[in-house]
**Student:** 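Sharing a structure, written as structure tokens. Questions coming.
Sequential numbering from 1 along the given sequence is applied to the chain's residues. Values reported hereafter were calculated over all heavy atoms of this structure, with side chains retained and with hydrogens, waters and symmetry mates removed.
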Amino acid sequence: MGSAATDSATPVQDASERSLAPALRRRLGALVTLSRPRQWVKNVLVLAAPVAAGRIGDPSTLSAALLALVTFTMVASGVYWVNDALDAATDRLHPTKRRRPVADGRVSATTALYGGLALEVCALLLAWLAVGPLLAGVLGAYALLQLAYSVQLKRVPVAELMVVASGFVIRAMAGGVATDIALTEWFLIVTSFGALFVVAGKRYAESLAMGDLAGEHRAVLDRYPQAFLQQVVGVCLAVTLLAYCLWAFRTSTIITGPTPSLWVAMSVVPVTLVSLRYLLLVAAGRTGEPEDLLLRDRVIGLGAVIAATMVLFGLYGS
């Protein structure tokens with residue numbers, strides 16, 4: 001009788017395990033989606049400072065940079081979780097954001113909120129213990145700034161541009177702090193104005209493409225005259241390209257001696273090509289997320305690969 005009872009329980013147990021596995025996979029898939037892995041491409045900026053300084057080949061520098069990359073990815077993912085928890089109600093009214101895991105009910109707002117905060121705290125502790133308090137401070141500043149953006153600053157013209165652009169700059173700063181590399185003035189100018197160029201361009205393209213419905217897509221767009229955004233894009237592009245040229249020649253001279261590395265100096269050509277291609281997409285109202293453009297637009301993707309290859313070869317191959 002005992003054997004029969006055991007045999008009869010086995011199919012029920014197996015069926016329960018089989019039904020649990022797909023549910024667990026769906027749950028984990030929803031949490032990964034909530035972390036927005038496509039946007040992790042932006043976190044590669046953490047490696048920019050040690051690469052530009054010619055020190056990424058040093059084992060201790062590389063390990064510190066990779067730790068900074070991992071912890072920044074954790075913090076950024078936590079920020080996305082918290083943001084989606086706070087914006088769930090408005091996301092449900094948006095044509096595409098309503099498919100986000102919290103908005104469509106796959107993940108509860110409570111889980112996203114407290115899970116995101118826990119993820120951020122874990123990232124800060126890991127950064128502090130594995131690298132140092134300065135990196136933890138940079139990550140903490142990023143998290144607080146993004147929280148302020150989610151709660152209020154995304155509705156404030158100009159301030160919201162600066163906050164979004166600062167996310168790119170802080171990524172680069174995190175790499176410099178983690179590897180104890182001082183960021184040059186030209187590096188900071190390129191990063192800051194380049195980020196502002198990308199963000200302002202995205203806002204201008206959204207305003208152009210959405211027309212009178214722009215405010216329903218993003219409320220702050222109602223407060224931006226298109227001419228203002230167009231001027232910001234133009235000014236930021238000019239400053240970015242000029243600063244990149246100065247950085248490229250100065251860096252190549254420092255690394256290779258009195259004669260600048262031709263590869264680093266000539267990287268200004270694909271960088272200019274990528275910038276003008278982005279400007280063309282902006283004027284046509286066709287821009288999207290920076291990581292999507294990098295992965296989907298062939299001209300931008302190829303130009304970025306060529307520019308990165310030229311810089312790397314100039315710094316490490318000559």
Side-chain angles (χ1 to χ4, degrees), residues 42-58 61-62 64-65 68-69 72 131-135 137-142 145 158-159 161-201 231-276 278-279 290 303-304 307-308 310-316 318:
K42 294 185 290 190
N43 298 334
V44 175
L45 279 170
V46 171
L47 305 178
V51 168
R55 287 176 47 188
I56 197 66
D58 177 66
T61 299
L62 178 60
L69 177 63
F72 207 106
V131 181
L134 285 180
L135 178 60
V138 171
L139 299 183
Y142 172 80
L145 197 58
V158 180
L161 289 177
M162 302 301 292
V163 171
V164 176
S166 71
F168 294 89
V169 181
I170 294 175
R171 283 172 168 85
M173 291 176 60
V177 165
T179 55
D180 196 25
I181 293 174
L183 305 181
T184 67
E185 62 273 23
W186 298 119
F187 180 88
L188 288 173
I189 291 172
V190 170
T191 307
S192 302
F193 280 87
L196 193 55
F197 166 63
V198 170
V199 176
Q231 290 175 0
V232 172
V233 169
V235 169
C236 290
L237 174 59
V239 175
T240 300
L241 291 179
L242 177 60
Y244 184 82
C245 290
L246 294 170
W247 171 84
F249 281 97
R250 181 177 184 273
T251 299
S252 60
T253 302
I254 291 174
I255 296 295
T256 62
T259 303
S261 168
L262 181 62
W263 290 105
V264 176
M266 289 301 294
S267 69
V268 300
V269 176
V271 167
T272 302
L273 173 64
V274 168
S275 301
L276 294 180
Y278 183 78
L279 186 62
M310 293 175 74
V311 169
L312 289 174
F313 189 78
L315 296 179
Y316 298 94
S318 56

**Student:** To the nearest 0.5 angstrom, please state how far the CG atom of L241 sits from the CG atom of L276.
**Tutor:** 7.0 Å
**Student:** With S267, which residues qualify under side chain to side chain donor-acceptor pair (under 3.5 Å), at least two apart?
**Tutor:** Y244
**Student:** Within the structure provided, determine whether F72 and I170 are in side-chain contact (heavy-atom separation under 4.5 Å).
**Tutor:** yes
**Student:** Any chance you could measure M173, atom CE, to S192, atom OG, to the nearest 0.5 Å?
**Tutor:** 9.0 Å
**Student:** Considering all heavy atoms of both residues, which atom of V268 and which atom of A248 are nearest to each other, and what is their separation?
**Tutor:** CG1-CB, 4.1 Å
**Student:** Nearest 0.5 Å, please: how far is CG in L45 from CZ in F168?
**Tutor:** 7.0 Å
**Student:** Quick check: closest heavy atoms across V46 and L69, and the distance to 0.1 Å?
**Tutor:** CG1-N, 3.7 Å
**Student:** With rounding to the nearest 0.5 angstrom, report the CG to OH distance, L237 to Y278.
**Tutor:** 11.0 Å
**Student:** Going by heavy atoms in the side chains, are T240 and S275 under 4.5 Å from each other?
**Tutor:** no
**Student:** Roughly how far, to the nearest 0.5 Å, is CG of L47 from OG1 of T61?
**Tutor:** 11.5 Å
**Student:** Minimum heavy-atom separation for A172 and T191, please, with both atom names.
**Tutor:** CB-CG2, 4.1 Å
**Student:** Could you tell me the separation between the OG1 atom of T184 and the CG atom of L188, rounded to the nearest 0.5 Å?
**Tutor:** 6.5 Å
**Student:** What heavy-atom pair brings A49 and L183 nearest, and what distance separates the two atoms?
**Tutor:** CB-CD2, 3.4 Å
**Student:** Which pairs, with at least one residue in residues 173-183 and sequence neighbours excluded, count as a side chain to side chain donor-acceptor pair (under 3.5 Å)?
**Tutor:** none
**Student:** Of all the heavy-atom pairs spanning I56 and A65, show the shortest one and how long it is.
**Tutor:** CD1-CB, 4.3 Å
**Student:** What is the minimum heavy-atom distance between A178 and L135, and which atoms define it?
**Tutor:** CB-CD2, 4.2 Å
**Student:** Side chains of W263 and V311: does their closest heavy-atom pair fall under 4.5 Å?
**Tutor:** no
**Student:** Tell me, do L196 and M162 make a side-chain contact under 4.5 Å, heavy atoms counted?
**Tutor:** yes
**Student:** Which residue pairs pass the ring pair (Phe, Tyr, Trp, His ring centres under 6.0 Å) test when at least one of the two sits in residues 173-193, sequence neighbours left out?
**Tutor:** none
